[in-house]
Chemist: 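Quick one: this structure, given as structure tokens, is what I'll be asking you about.
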Amino acid sequence: MWLVSIVLVSLWAGSSYGVLYDAYTGEPATKCLLSYYAKNNLTNTCAIDVKPCDPNEYSRVDGTCNNLEHPGKGTYFSPITRILDACFHNGYEQRKAKSGKDLPLAREVRVKCLGEKVSSHPLYNHNVPGFGIYMFNDIGSVHDIENMLLNTTYCCEKEHMNDRACTPNIVKEDDPVFRYSPIRCMNSTRPLTHQDFGCTRDKVPSIIKKATTFFDHSQIYNVHGKGDKVIRSFIDGKLLVEEEDGKPFPPNGPTAFCPNNKAPEETRCFENYGNTLLPVALYIIWFVRHHNYICDKLKEVNPCWDDERLFYTARDINTAFANQMYFQEWYETLQGRKNLIKAGVMTKENGFRCLYDKNRDPEVTIEYTYVIRWFHLMQEEKAKMYDKQGNYVEDFPLFNSTFRMGLIAKNMESFTKSTLAPCHAVDGTVASDLANRGLPGVQEALDIPAGDLNKGRNFGVAPYVNYIYHFTGIKIKSFKELARFIQEEYIEILEELYEDVEDIDLMVGLWCSKMMKGGHIPELLAYILNDAWYRSVSSNRHWYECDERPHAFTEAQLKEVRKATVSGLLCTVGDGVHEMPKKGFLKISKKNPMVSCSRIPKINFRVWADDACKPKKHQKNGKKPNKH
Ligand SMILES: *[C@@H]1O[C@H](CO)[C@@H](O)[C@H](O)[C@H]1NC(C)=O
Ligand SMILES: *[C@@H]1O[C@H](CO)[C@@H](O)[C@H](O)[C@H]1NC(C)=O
Ligand SMILES: *[C@@H]1O[C@H](CO)[C@@H](O)[C@H](O)[C@H]1NC(C)=O
Ligand SMILES: *[C@@H]1O[C@H](CO)[C@@H](O)[C@H](O)[C@H]1NC(C)=O
């Protein structure tokens, strides 16, 4: 009897060998707090187990030990920072207009500011919004959508509309699309807070995020905070995959949610990854395959490396690849090289740089996770589908692929090719599916941009002009003064919608903005993106461009990682991809023609060759190793 309980106790102790930290404060949890959590069954939710940090280890998938002095900060479920203080009414209600009245309805603002039209972007292809949304998933959280679909499903029922959990989008009688239908409401839930879970009693609502604070592929290596154990094969560093039609995919599983799969043909549904939007699914599949591709290449040059070494090195390269693609290629596509050099995001030398400051807490801002939704404007609603012989078959409504991994897996070539078509133009309109049926199959009606606007109010994001002031020092006191930032034809519309210029929502300001000089996004959006870049590089000890981090790249390795591009990624892991445009975020044109994949730069893994794996005989007698 005694023996059994001793064994049990030591097993239990062995599984949690670290110190429990409070997820909300990021500090070690006091005894008193822990007993409160234990009593209320909150330990698993509000506390995080931090095994002792080793300053020389690789970055951990759960974000612990990134900051050695505050190893509990920046982890899964840790709070989000704000650029400007939260702006709520009465605690956690949406802010009011200056006059004290309600702000204009989100759907009404969307309808007046953004029409519905089919239109093609003059420069960009689907990878611009697609990759942006994938990277959002690395640090952001769609738990409010999960909540709306799986749990709090009743926000459009009359008796629940005013529930604290609900913030439905009201559709007016004279709605241009739904006036002849019974739809008068679209579902929306308030984001969950650390307060909702009982993890803090602080006054200011702290919205949760289900990802680490770092750009580290959370959506691949630490989905739902489950850690890397569930996704690893433990063979040669690789992630678990299953073959379908001879191609590797993340494995299926019993708890995966793909309500739009059409049985019996469509069976793919990822157990350990998100099964949401098409672009997110594509990039998950591509980066999972890319991880395994990197493992194969590393194993080739380093046959003596074990699973652990291969896994962590491949993850590090895969993460650096995405960050290079995002903060250099994607940002450059949007803002232009000159602007990025001026902002410090790009350098002419392109060498190492260490901006890490251990006194900075790991940070990602709620404004950043919010304004990324501006790229919804670029989302197209149709894709041309081709058969195996390359013949055009039909225009497929892209939103119908949501929650439908089975369809995506069966049509990878078509969907991959579809990403090279022009995306929706930023011309004051949006795709009509985006605006009216954003989640077909699971919601009767959903206006995604209106939902975005509403979310900003739920997040307590400050008004538009406050951000203009924060980033430019310009104080805007009247609608007229908006002219420097807002397109002329919008000023009147905004004046009609809002009582005071200080009432305008951040997202609406961005919808109506002029584009920045030398770039193709609003200037204010660029400031917020660049702010996110700076916070990332300066608060992430494992940032890939720094040569002082543990397991840092050598100069030669960094040079290889700098070759990362979306075209390189698709040439490596894309289905049926033999050629790509030189610039993979730009549409195909005379200036940007398709070229053979053999002309797209690829990482040379030889620079990872480890002397320890070389046959011993070369080192005897002090002879130089043979050149192969
Ligand atoms: C305690 O919380 C966990 C989730 O953290 C849940 O799965 C479990 O059912 C809860 N137990 C009780 C007794 O409420
Ligand atoms: C589901 O919603 C109810 C009511 O809003 C809430 O009490 C419950 O905690 C929620 N469950 C989860 C898992 O979020
Ligand atoms: C797309 O989804 C809508 C709504 O569920 C449905 O009416 C339509 O038939 C679907 N179209 C295709 C081509 O699957
Ligand atoms: C709101 O959600 C409920 C439950 O999922 C659903 O039945 C209803 O159709 C949704 N409303 C709309 C407008 O989509």
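This one's a predicted model, so the numbers in the text were calculated from it and none came from an experiment. Each ligand, and each atom within it, is numbered from 1 in the order the structure gives.
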Chemist: Considering only the SG atoms, does Cys199 lie under 2.5 Å from Cys46?
Modeler: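 Cysteines Cys199 and Cys46 qualify as a disulfide pair, their SG atoms being under 2.5 Å apart.
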
Chemist: State whether Arg164 and Asp196 are salt-bridged, where the test is any N-O pair (Lys NZ or Arg NE/NH1/NH2 against Asp/Glu carboxylate O) under 4.0 Å.
Modeler: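 Yes, Arg164 and Asp196 are salt-bridged.
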
Chemist: Indicate whether the side chain of Asp202 and that of Tyr24 have a donor and an acceptor atom separated by less than 3.5 Å.
Modeler: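 Per modelled atom types, Asp202 and Tyr24 side chains form a pair under 3.5 Å.
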
Chemist: Between Ser218 (side chain only) and Ala211 (backbone N and O only), is there a donor and an acceptor less than 3.5 Å apart?
Modeler: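 Checked: no pair found.
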
Chemist: Could you tell me if any non-hydrogen atom of Ala445 lies under 4.0 Å from any atom of ligand 4?
Modeler: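 Yes, that is the case, since the closest heavy atom of the residue is under 4.0 Å from the ligand.
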
Chemist: Only counting residues at least two apart or in another chain, list the ones meeting side-chain contact (heavy atoms from CB on, under 4.5 Å) with Val142.
Modeler: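 Val142 satisfies side-chain contact (heavy atoms from CB on, under 4.5 Å) with Phe136, Ile145, Glu146 once adjacent residues are dropped.
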
Chemist: Just jot down the ligand 3 atoms closer than 4.0 angstrom to any heavy atom of Asn400, in number order.
Modeler: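 Listed by number with element, the hits are 1 (C), 2 (O), 3 (C), 8 (C), 10 (C), 11 (N), 12 (C), 14 (O).
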
Chemist: Strictly under 2.5 Å separating the two SG atoms? Check that for Cys258 and Cys269, please.
Modeler: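 The sulfur gammas are closer than 2.5 Å, so yes.
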
Chemist: Is there a donor in the side chain of Glu271 and an acceptor in the side chain of Thr255, or the other way round, less than 3.5 Å apart?
Modeler: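 Yes - a donor-acceptor pair under 3.5 Å links their side chains.
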
Chemist: For ligand 3 and Arg437, I'd like to know whether there is a polar contact (N/O to N/O, distance under 3.5 Å).
Modeler: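 Such a contact does occur with ligand 3.
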
Chemist: As an exercise, identify every atom of ligand 4 less than 4.0 angstrom from a heavy atom of Cys185.
Modeler: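 Reading through ligand 4 atom by atom, the close ones are 13 (C).
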
Chemist: Specify whether Tyr370 and Phe459 have parallel, tilted or perpendicular ring planes, treating 30° as the upper limit for parallel and 60° as the lower limit for perpendicular.
Modeler: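 It falls in the perpendicular class, over 60°.
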
Chemist: Check ligand 1 against the protein and report each N/O to N/O distance under 3.5 Å, formatted as atom name, atom name, distance.
Modeler:
| residue | atom | partner | partner atom | Å |
| --- | --- | --- | --- | --- |
| ligand 1 | 2 (O) | Asn41 | OD1 | 3.3 |
| ligand 1 | 2 (O) | Asn41 | ND2 | 2.5 |
| ligand 1 | 11 (N) | Asn41 | ND2 | 2.7 |
| ligand 1 | 14 (O) | Asn41 | ND2 | 3.1 |

